[in-house]
Amino acid sequence: MSEAGTVVADPWSSKIRQHEAVAAADPDLAFDLHVLTGPAELTAHLAPRRDRTVVLRPEISDDTGSAVLVRPGAAPPEPEIRRLWDRGGRIVAHDHVPGTPCFVNGVVLDGVLHLTDVWRCFSLEEGPRSLLTSVVNLAPGSPRERELAHRLSPVVKGVGLASGPVTFEAVTGAGGTVKVVKFAARAAGHPLPHLCSLLGLPDQAAALAGGSRALAGRPTEPGFVADYAFVAREGGRLVRIEGLDKIRALRSYAGDIFLPTPGETITPTTGEGGAGAILLRNQDEEILLADVEFCQQRNREGVFAVAADAGRPLGR
């Protein structure tokens, strides 16, 4: 479920530069970001923040799963933090901001931002990670989409982007607040263009090719679609997928994207994609969201029963 897309030379690849640009365009869009250059600075930064969740990210990354969370009352996850330092450069830190993470994709035509597709993100909190499990589209032309276009337009203008695709990761909160996690002047990655095609919506490539006419022709009620990924907490030989019949009986179930079969070896989920995924689709948003929540609950309980070896009992 990668949002990485094809990476091109991007002068805005540094999250520090991105933060500076976002803050200059609209200070309300920017996190209270701290740049840390070494472990001693990180320790000093975390010391007075033991009562809150702190988000740590590498300065440069293209994947959505790069963040490490230091949770209230928990010791810093040293192995994961070491991997952040190993990626080189600096670490950026900010206090966790409650809200709904979103992928916001669009095109810039003659200096004007037009959104093509917006996806709400659903995740499971697993130790020092927030594992992305699903994305669900916003209805085209919805008030939330229009507000995001309005709020993000100053960023596009501020960095001088005249034409081409652009993608944002943002957090939307109560009262219409918006915070930009990162942005890039490139197209969104798999599976978002495919999900757009299932809805009959022009993705960024189609919008660039067809211009404003393609965007004006978007269906206003295309329904709702989601991919849903199930996480594996243990690796080993798969014995069964718990409750698969109930998952496939959901009103929104539209097919398997990929699922392992008994006898296959699966590995613990630590990043994007999960160990198996299904497609959900429904014209009714409430039904689809209820089915996503059902999958979330199944995911929390564990769906993959594995046998790690002949000497160990089955586990989830």
Side-chain angles (χ1 to χ4, degrees), residues 3 12 14-35 45-46 48-49 51-57 59 61 64-72 91-108 112-125 129-159 161 166-185 188 192 224 226 285-286 289 292-293 296:
E3 177 70 358
W12 298 100
S14 164
K15 294 185 185 67
I16 299 170
R17 285 201 67 192
Q18 291 179 28
H19 172 262
E20 292 169 348
V22 170
D26 182 348
D28 289 339
L29 292 175
F31 287 99
D32 183 13
L33 201 73
H34 299 263
V35 180
H45 179 75
L46 294 176
R49 292 175 168 79
D51 61 341
R52 70 199 76 174
T53 296
V54 178
V55 183
L56 307 177
R57 304 176 192 272
E59 178 184 357
S61 64
T64 59
S66 62
V68 171
L69 306 179
V70 182
R71 301 189 188 276
I91 286 177
V92 296
H94 63 81
D95 294 349
H96 176 263
V97 174
T100 302
C102 298
F103 295 140
V104 184
N105 305 314
V107 296
V108 183
V112 178
L113 174 64
H114 303 268
L115 298 188
T116 54
D117 50 297
V118 179
W119 304 87
R120 293 159 287 178
C121 298
F122 296 79
S123 60
L124 292 183
E125 303 304 307
R129 299 286 187 187
S130 181
L131 299 178
L132 180 65
T133 56
S134 186
V135 294
V136 178
N137 61 295
L138 282 186
S142 65
R144 288 182 67 189
E145 185 189 75
R146 293 197 301 270
E147 177 63 15
L148 281 167
H150 171 71
R151 294 296 307 279
L152 297 175
S153 289
V155 177
V156 168
K157 294 184 183 297
V159 302
L161 194 61
V166 63
T167 182
F168 294 86
E169 287 184 35
V171 176
T172 62
T177 61
V178 179
K179 298 291 185 183
V180 174
V181 178
K182 58 184 178 180
F183 68 87
L192 300 187
F224 299 88
E285 183 179 21
E286 290 188 7
L289 291 176
V292 167
E293 180 51 38
Q296 290 281 80

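All values reported here derive from a predicted model rather than from experimental measurement.
Side-chain contact between Val135 and Phe122 is absent, with no heavy-atom pair separated by less than 4.5 Å. For the pair Val178/Val171, no side-chain contact is recorded, criterion being any heavy-atom separation below 4.5 Å from C-beta on. A heavy-atom distance below 4.5 Å is found between the side chains of Trp12 and Phe183. Counting heavy atoms from C-beta outward, Ser130 and Leu124 have side chains that stay 4.5 Å or more apart. Side-chain contact between Leu69 and Glu125: present, with at least one pair of heavy atoms (C-beta onward) separated by less than 4.5 Å. Cys102 places none of its side-chain heavy atoms less than 4.5 Å from the side chain of Trp119. Residues Gln18 and Val180 fail the side-chain proximity criterion, which asks for heavy atoms closer than 4.5 Å.
Every salt bridge (Lys or Arg N to Asp or Glu O under 4.0 Å) that Arg49 has, sequence neighbours left out, goes to Asp95. With sequence neighbours excluded, the residues satisfying salt bridge (Lys or Arg N to Asp or Glu O under 4.0 Å) with Arg120 are Glu285. Listed by chain and residue number, nothing satisfies the salt bridge (Lys or Arg N to Asp or Glu O under 4.0 Å) test with Glu20 (two or more places apart in sequence, or in another chain). By the side chain to side chain contact (heavy atoms under 4.5 Å, CB included) test, Val97 pairs with Phe31, Lys179, sequence neighbours left out.
Nearest heavy-atom pair across Ala93 and His45 is CB-NE2, 3.7 Å. Looking at every heavy atom in both residues, Lys15 comes nearest to Ser61 through NZ-OG, 2.7 Å. Closest heavy-atom contact between Asp51 and Pro72: C-CB, 4.0 Å. In this structure, Glu59 and Ser14 approach most closely via the heavy-atom pair OE2-OG, 2.7 Å.
Judged purely by atom type and a 3.5 angstrom limit, Ser123 has no side-chain atom pairing as donor or acceptor with the backbone of Thr133. A donor-acceptor pair is defined here as one N or O able to donate and one able to accept, closer than 3.5 Å; no such pair exists between the side chain of Arg57 and the backbone of Ile91.
Rounding to the nearest 0.5 angstrom, the gap separating the OG1 atom in Thr177 from the CG atom in Asp28 is 9.5 Å. Atom-to-atom distance recorded for Ser134:OG and Leu289:CG is 9.0 Å, nearest 0.5 angstrom. Considering CG of Asp117 and CG of Leu192, their distance stands at 6.5 Å, rounded to 0.5 Å.
A salt bridge links Glu169 with Lys182: the closest approach of a Lys/Arg side-chain nitrogen to an acidic carboxylate oxygen falls below 4.0 angstrom.
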| request: Show your working on side chain to side chain contact (heavy atoms under 4.5 Å, CB included) between Asp32 and His94 and close with a plain yes or no. | output: CA-CA 6 Å; Asp32 183 13; His94 63 81; 5.7 Å; no
- Message: Between Phe103 and Leu132, does the side chain to side chain contact (heavy atoms under 4.5 Å, CB included) criterion hold? Intermediate values first, please.
- Response: CA-CA 12 Å; Phe103 295 140; Leu132 180 65; 4.1 Å; yes
### Task
Give the intermediate values and the outcome of side chain to side chain contact (heavy atoms under 4.5 Å, CB included) for residues Val70 and Leu56.
CA-CA 8 Å; Val70 182; Leu56 307 177; 3.9 Å; yes
Tabulate below the donor-acceptor pairs under 3.5 Å that side-chain atoms of residues 138-145 make, not counting sequence neighbours, or state none.
{"unit_1": "Ser142", "atom_1": "OG", "unit_2": "Ala139", "atom_2": "O", "d": "3.0"}
{"unit_1": "Ser142", "atom_1": "OG", "unit_2": "Glu145", "atom_2": "N", "d": "3.3"}
{"unit_1": "Arg144", "atom_1": "NH2", "unit_2": "Thr172", "atom_2": "OG1", "d": "3.3"}
{"unit_1": "Glu145", "atom_1": "OE1", "unit_2": "Gly141", "atom_2": "N", "d": "2.8"}
{"unit_1": "Glu145", "atom_1": "OE1", "unit_2": "Arg218", "atom_2": "NH2", "d": "3.0"}
{"unit_1": "Glu145", "atom_1": "OE2", "unit_2": "Arg218", "atom_2": "NH1", "d": "3.3"}

Distance-only criterion, 3.5 Å: show the donor-acceptor pairs between side-chain atoms of residues 147-158 and protein atoms not counting sequence neighbours.
{"unit_1": "Arg151", "atom_1": "NH2", "unit_2": "Asp26", "atom_2": "OD2", "d": "3.4"}
{"unit_1": "Ser153", "atom_1": "OG", "unit_2": "Ala149", "atom_2": "O", "d": "2.6"}
{"unit_1": "Lys157", "atom_1": "NZ", "unit_2": "Gly111", "atom_2": "O", "d": "3.4"}

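No side-chain donor-acceptor contact under 3.5 Å links Thr116 and Asn105.
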